[in-house]
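Have a look at the structure below, then the notes.
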Amino acid sequence: LSRLDCDPGARPNPAHAADTLMAATVKPQAMLTIRFIGEGDLVSRLIEWATGSLWCHTEGLSRGGCSWIGAHAGSGVALRPLYWVTPRRERRYAIPVSQAAYDNAMTWLESQIGVKYDYLDCIGLAIRKRTWNPRRLICSELMVEFMQAAGLASLNVLPGFDALITPEVL
(Lines give C-alpha, C1' and ligand atoms only; values in the text may rest on other atoms or scores of the structure.)
Protein backbone atom coordinates (compact mmCIF):
# COMPACT_ATOMS: atom_id res chain seq x y z
CA LEU A 1 0.00 0.00 0.00
CA SER A 2 1.17 3.51 -0.68
CA ARG A 3 0.90 6.01 2.16
CA LEU A 4 -2.16 7.54 0.48
CA ASP A 5 -4.11 4.29 0.12
CA CYS A 6 -6.64 2.91 2.57
CA ASP A 7 -5.54 0.49 5.25
CA PRO A 8 -7.63 -2.63 4.52
CA GLY A 9 -7.30 -3.65 8.17
CA ALA A 10 -8.71 -0.39 9.52
CA ARG A 11 -12.04 -0.74 11.27
CA PRO A 12 -14.42 2.21 11.21
CA ASN A 13 -15.74 3.47 14.50
CA PRO A 14 -19.53 2.85 14.63
CA ALA A 15 -19.91 6.38 16.00
CA HIS A 16 -18.70 7.61 12.62
CA ALA A 17 -21.27 5.92 10.40
CA ALA A 18 -21.36 9.02 8.19
CA ASP A 19 -17.64 8.59 7.44
CA THR A 20 -18.15 4.96 6.52
CA LEU A 21 -21.13 5.79 4.33
CA MET A 22 -19.28 8.67 2.69
CA ALA A 23 -16.22 6.51 1.97
CA ALA A 24 -18.48 3.91 0.37
CA THR A 25 -20.60 6.33 -1.67
CA VAL A 26 -18.59 9.45 -2.54
CA LYS A 27 -16.48 9.08 -5.64
CA PRO A 28 -13.90 11.84 -5.25
CA GLN A 29 -12.55 11.63 -8.83
CA ALA A 30 -13.94 15.06 -9.67
CA MET A 31 -15.08 16.29 -6.26
CA LEU A 32 -12.89 18.14 -3.79
CA THR A 33 -14.30 17.38 -0.36
CA ILE A 34 -13.55 19.78 2.47
CA ARG A 35 -14.87 19.43 5.98
CA PHE A 36 -15.13 21.83 8.88
CA ILE A 37 -15.27 20.54 12.44
CA GLY A 38 -15.76 21.81 15.96
CA GLU A 39 -14.07 19.74 18.64
CA GLY A 40 -14.49 19.78 22.38
CA ASP A 41 -10.94 20.06 23.72
CA LEU A 42 -9.56 23.23 25.30
CA VAL A 43 -7.30 24.28 22.40
CA SER A 44 -10.14 23.80 19.90
CA ARG A 45 -12.53 25.85 21.99
CA LEU A 46 -9.89 28.58 22.32
CA ILE A 47 -9.50 28.69 18.54
CA GLU A 48 -13.27 28.91 18.12
CA TRP A 49 -13.44 31.71 20.72
CA ALA A 50 -10.48 33.66 19.32
CA THR A 51 -11.82 33.52 15.76
CA GLY A 52 -15.48 33.94 16.63
CA SER A 53 -16.09 30.73 14.73
CA LEU A 54 -18.16 27.58 15.02
CA TRP A 55 -15.15 25.74 13.58
CA CYS A 56 -11.70 25.03 14.96
CA HIS A 57 -10.39 22.91 12.10
CA THR A 58 -10.77 22.23 8.38
CA GLU A 59 -9.26 19.49 6.20
CA GLY A 60 -9.57 17.83 2.80
CA LEU A 61 -10.50 14.29 1.81
CA SER A 62 -7.58 12.32 0.40
CA ARG A 63 -7.43 11.08 -3.19
CA GLY A 64 -8.49 7.58 -2.18
CA GLY A 65 -11.29 8.91 0.01
CA CYS A 66 -10.00 6.94 2.99
CA SER A 67 -8.36 9.65 5.08
CA TRP A 68 -8.30 13.37 5.78
CA ILE A 69 -5.32 15.60 5.04
CA GLY A 70 -5.00 18.59 7.32
CA ALA A 71 -2.55 20.78 9.21
CA HIS A 72 -2.41 19.76 12.88
CA ALA A 73 -0.50 21.02 15.89
CA GLY A 74 2.09 18.39 16.74
CA SER A 75 2.25 16.64 13.38
CA GLY A 76 2.00 19.44 10.84
CA VAL A 77 0.32 18.51 7.56
CA ALA A 78 -0.58 14.84 7.86
CA LEU A 79 -2.98 12.08 6.88
CA ARG A 80 -5.50 11.01 9.51
CA PRO A 81 -8.11 8.23 9.33
CA LEU A 82 -11.66 9.20 8.43
CA TYR A 83 -12.74 8.61 12.01
CA TRP A 84 -9.79 10.23 13.83
CA VAL A 85 -12.07 12.47 15.89
CA THR A 86 -15.67 12.63 17.05
CA PRO A 87 -16.48 16.30 16.38
CA ARG A 88 -19.08 18.27 18.32
CA ARG A 89 -20.23 19.65 14.98
CA GLU A 90 -19.26 18.98 11.38
CA ARG A 91 -20.01 20.22 7.87
CA ARG A 92 -18.75 18.70 4.62
CA TYR A 93 -18.73 20.28 1.21
CA ALA A 94 -18.14 18.38 -2.04
CA ILE A 95 -17.05 20.84 -4.71
CA PRO A 96 -17.36 19.63 -8.32
CA VAL A 97 -14.27 20.30 -10.43
CA SER A 98 -12.81 19.00 -13.67
CA GLN A 99 -10.59 15.94 -13.50
CA ALA A 100 -7.55 18.10 -14.34
CA ALA A 101 -8.40 20.56 -11.54
CA TYR A 102 -8.93 17.66 -9.12
CA ASP A 103 -5.58 16.10 -10.06
CA ASN A 104 -3.76 19.44 -9.68
CA ALA A 105 -5.31 20.10 -6.28
CA MET A 106 -4.71 16.60 -4.94
CA THR A 107 -1.10 16.55 -6.18
CA TRP A 108 -0.51 19.89 -4.45
CA LEU A 109 -2.21 18.75 -1.21
CA GLU A 110 -0.24 15.50 -1.12
CA SER A 111 2.99 17.47 -1.66
CA GLN A 112 2.27 19.41 1.54
CA ILE A 113 2.34 16.32 3.78
CA GLY A 114 5.15 16.88 6.26
CA VAL A 115 5.01 20.71 6.19
CA LYS A 116 5.28 22.02 9.75
CA TYR A 117 2.43 23.62 11.68
CA ASP A 118 2.52 27.42 12.08
CA TYR A 119 2.26 27.85 15.86
CA LEU A 120 3.04 31.57 15.76
CA ASP A 121 0.18 32.19 13.36
CA CYS A 122 -2.15 30.20 15.59
CA ILE A 123 -1.13 32.40 18.54
CA GLY A 124 -1.67 35.39 16.25
CA LEU A 125 -5.30 34.33 15.88
CA ALA A 126 -5.82 34.86 19.60
CA ILE A 127 -4.12 38.25 19.79
CA ARG A 128 -5.44 39.41 16.41
CA LYS A 129 -1.93 39.89 15.02
CA ARG A 130 -1.42 37.28 12.33
CA THR A 131 1.98 36.22 11.03
CA TRP A 132 2.90 34.50 7.80
CA ASN A 133 5.61 31.93 7.29
CA PRO A 134 5.75 30.44 3.77
CA ARG A 135 7.28 27.21 5.16
CA ARG A 136 4.54 26.55 7.75
CA LEU A 137 0.76 26.20 7.54
CA ILE A 138 -2.39 26.23 9.63
CA CYS A 139 -5.43 24.22 8.55
CA SER A 140 -7.45 27.03 6.96
CA GLU A 141 -4.50 28.32 4.95
CA LEU A 142 -3.86 24.76 3.72
CA MET A 143 -7.47 24.45 2.54
CA VAL A 144 -7.62 27.82 0.76
CA GLU A 145 -4.41 26.96 -1.10
CA PHE A 146 -5.84 23.51 -1.87
CA MET A 147 -8.84 25.22 -3.48
CA GLN A 148 -6.55 27.62 -5.36
CA ALA A 149 -4.60 24.64 -6.76
CA ALA A 150 -7.90 23.52 -8.33
CA GLY A 151 -8.41 26.98 -9.82
CA LEU A 152 -11.06 27.92 -7.25
CA ALA A 153 -11.18 31.14 -5.28
CA SER A 154 -12.78 31.57 -1.90
CA LEU A 155 -15.48 34.22 -1.92
CA ASN A 156 -14.18 35.55 1.39
CA VAL A 157 -10.47 35.91 0.62
CA LEU A 158 -8.89 38.64 -1.45
CA PRO A 159 -5.87 37.58 -3.53
CA GLY A 160 -2.71 37.68 -1.43
CA PHE A 161 -4.55 37.37 1.89
CA ASP A 162 -4.93 33.58 2.04
CA ALA A 163 -2.50 33.40 4.96
CA LEU A 164 -5.02 35.36 7.05
CA ILE A 165 -7.96 33.00 6.52
CA THR A 166 -9.71 31.19 9.37
CA PRO A 167 -12.11 28.24 9.10
CA GLU A 168 -15.04 30.60 9.69
CA VAL A 169 -14.41 32.68 6.57
CA LEU A 170 -13.06 30.01 4.24
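Note on E90 versus R35: salt bridge recorded, some NZ/NE/NH1/NH2 to OD/OE distance being below 4.0 Å.
Within the model, atoms CZ of R89 and SG of C56 stand 8.5 Å from one another, a figure rounded to the nearest 0.5 Å. Going from atom CG of L61 over to atom CG of L82 covers 6.5 Å, rounded to the nearest 0.5 Å. With values rounded to the nearest 0.5 angstrom, L109 atom CG is found 5.5 Å from L142 atom CG. Annotation: the span from Y93 atom OH to R91 atom CZ amounts to 6.5 Å, rounded to 0.5 Å. Rounding to the nearest 0.5 Å gives a distance of 5.0 Å between CD of E59 and NE2 of H72. In this structure, the separation between CG on L152 and CZ on F146 is 9.0 Å, given to the nearest 0.5 Å.
For the pair L137/Q112, a side-chain contact is recorded, criterion being any heavy-atom separation below 4.5 Å from C-beta on. Proximity of I69 to I113: side-chain heavy atoms (C-beta onward) are separated by under 4.5 Å at one or more points. Considering only heavy atoms from C-beta on, E145 comes within 4.5 Å of W108 through its side chain.
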Inset, instruction - Please report the C-alpha distance between V77 and K116 in whole Å, then the side-chain angles of each, then the deciding distance to 0.1 Å, and finally whether the side-chain contact (heavy atoms from CB on, under 4.5 Å) criterion is met. - result: CA-CA 6 Å; V77 179; K116 294 181 179 184; over 6 Å; no

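Between the side chains of S62 and S67, at least one donor N or O sits under 3.5 Å from an acceptor N or O.
The ring of W68 has its center no closer than 6.0 angstrom to the ring center of H57.
Of the possible donor and acceptor atoms, none in the side chain of S75 sits under 3.5 Å from a partner among the backbone N and O of A78.
Heavy-atom minimum distance, I138 versus A71: C-CB, 3.6 Å.
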